[in-house]
Amino acid sequence: MKPYRHELKYYISQIEYELLSRKLSLTMNRDKFALKDGKYFIRSLYFDNLDNDAISEKLDGEDKRDKYRLRIYNLKDDVIKLEQKHKQGSFIQKNSLSITRAECDALIEGDYTPLLRRNEQLAKQFYAIFRLQNLKPCVIVDYWREAYVFPVEDVRITFDLDVRTAYRATGIFDPELPTYPATEQGYTVLEIKFNRYLPGYIRALIQPIENAQRSAISKYCLSRKYE
């Protein structure tokens, strides 16, 4: 199990994004997944149960909650992640399992048994949770991510741009999937993750944003607003 990390979220304007992005591009390293333009495409397919507990717990402000998702990059199937994101206050813990295209397709169809054939304990835990809660795919979330990293305290700063959703769709690899805007035009989701503390060097870089109002924004919740 991975350790808990701090997670700070902000909903920033286009001007704030451009200023901070320019500053970080000159002072921090790009994420290893970045394409030539410094960004990469993320598509996530989230799961929930018939009672919609995942979104209800978020909207009700529950301190402890979990989300489960499949995640791919740049619409390719060479890297497919099955993930659990556990949230406790301002702390997060993400547990991730790399799976095959066949295992991914089975999960989308409601067949969890391929997880039982895996040797990893995490796979068996995922199987038990999916089976017990009867989790089903509920919404696709798309966005372009611009990410920067800093080695001290494993700092990771990301801008998620053009967040879009495909409500009730499950075609995670479909490049022609119709999607709809999930955020207000011109706004970007900024996330800052780190281990024990935020280094002073990074704090100085983001000071104008850090002094702004933090947000409990969730791309998952934003993407279910069409229900």
Side-chain angles (χ1 to χ4, degrees), residues 33 35 39-60 62 65-87 92-118 120 122-145 147 158 160-184 189 191 217-227:
F33 296 110
L35 302 176
K39 303 178 181 65
Y40 56 96
F41 186 74
I42 292 178
R43 172 169 285 174
S44 298
L45 174 58
Y46 284 84
F47 291 74
D48 207 342
N49 59 24
L50 295 178
D51 293 325
N52 289 306
D53 285 341
I55 190 169
S56 297
E57 289 171 358
K58 168 64 178 176
L59 296 176
D60 291 343
E62 294 285 342
R65 54 188 184 272
D66 295 286
K67 289 199 290 283
Y68 297 89
R69 67 194 179 202
L70 289 166
R71 173 163 288 186
I72 62 171
Y73 302 89
N74 302 313
L75 293 178
K76 297 180 179 179
D77 63 2
D78 55 339
V79 177
I80 307 173
K81 300 287 188 179
L82 174 60
E83 297 182 334
Q84 174 203 45
K85 185 175 181 181
H86 176 69
K87 180 86 170 176
I92 61 165
Q93 181 188 57
K94 187 169 73 173
N95 296 301
S96 181
L97 181 72
S98 294
I99 64 173
T100 66
R101 174 67 180 266
E103 290 168 335
C104 175
D105 291 341
L107 286 172
I108 293 173
E109 293 299 320
D111 178 9
Y112 318 135
T113 56
L115 295 173
L116 285 179
R117 295 192 283 270
R118 300 285 296 259
E120 301 93 338
L122 182 58
K124 294 174 172 52
Q125 292 175 6
F126 275 132
Y127 172 81
I129 292 168
F130 271 64
R131 185 66 182 272
L132 181 64
Q133 298 187 24
N134 194 25
L135 297 180
K136 303 293 183 184
C138 62
V139 68
I140 280 179
V141 181
D142 287 350
Y143 51 90
W144 286 93
R145 171 161 283 182
T158 59
D160 293 337
L161 304 103
D162 191 24
V163 182
R164 302 179 67 85
T165 179
Y167 171 61
R168 292 298 180 190
T170 61
I172 191 172
F173 298 103
D174 182 0
E176 304 299 327
L177 190 68
T179 59
Y180 309 91
T183 55
E184 294 181 43
V189 178
E191 297 182 0
I217 194 167
S218 164
K219 293 185 289 291
Y220 170 67
C221 286
L222 286 171
S223 296
R224 296 195 66 180
K225 66 183 180 181
Y226 293 103
E227 296 185 20

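In this chain, numbering begins with 1 at the start of the sequence shown.
The main-chain N or O of Arg118 is found under 3.5 Å from a side-chain atom of Lys124 such that the two form a donor-acceptor pair. No donor-acceptor pair closer than 3.5 Å links the side chain of Asn74 to the backbone N or O of Lys76. Not a single donor-acceptor pair under 3.5 Å links the side chain of Arg43 to the backbone N or O of Ile72.
With no hydrogens or angles considered, no side-chain donor-acceptor pair links Arg145 and Tyr40 at under 3.5 Å.
The side-chain heavy atoms of Asp48 and Tyr220, taken from C-beta on, include a pair separated by under 4.5 Å. Two residues are said to be in side-chain contact when any heavy atoms from C-beta on lie closer than 4.5 Å; Lys94 and Lys81 fail this criterion. Inter-residue side-chain proximity for Leu70 and Phe47 is flagged as met; some heavy-atom pair is nearer than 4.5 Å. Contact annotation: the side chain of Lys219 never approaches that of Ser44 to less than 4.5 Å [non-hydrogen atoms, C-beta and beyond]. Considering only heavy atoms from C-beta on, Glu191 comes within 4.5 Å of Asp160 through its side chain. Within the 4.5 Å cutoff, the side chain of Leu107 has heavy atoms near those of the Leu115 side chain. Here the side chains of Arg224 and Asn52 are in contact, with some heavy-atom distance below 4.5 Å.
Heavy-atom minimum distance, Leu45 versus Ala169: CD1-O, 3.7 Å. The shortest heavy-atom contact between Leu222 and Ala182 is CB-O, 3.7 Å. A pairwise comparison of heavy atoms in Gly171 and Leu177 identifies O-CD2, 3.9 Å as the closest pair. Here the shortest heavy-atom pairing between Ser223 and Thr165 reads O-OG1, 3.0 Å. The two atoms that bring Arg71 and Tyr143 nearest to each other are NH2-OH, 2.9 Å, heavy atoms only. Ala166 and Thr179 get closest at one heavy-atom pair: CB-CG2, 4.0 Å.
For the atom pair Ile80 CD1 and Asp105 CG, the distance stands at 7.5 Å (nearest 0.5 Å).
A cation-pi arrangement is present between Arg101 and Phe173 under the rule of less than 6.0 angstrom and at most 45 degrees off the ring axis.
In this structure, the side-chain contact (heavy atoms from CB on, under 4.5 Å) partners of Glu184, at least two apart in sequence or on a different chain, are Tyr11, Tyr187.
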Please tabulate, for the side chains in residues 128-137, all donor-acceptor contacts under 3.5 angstrom to protein atoms that are two or more places apart in sequence or on a different chain.
unit_1	atom_1	unit_2	atom_2	d
Arg131	NH1	Tyr127	OH	2.7

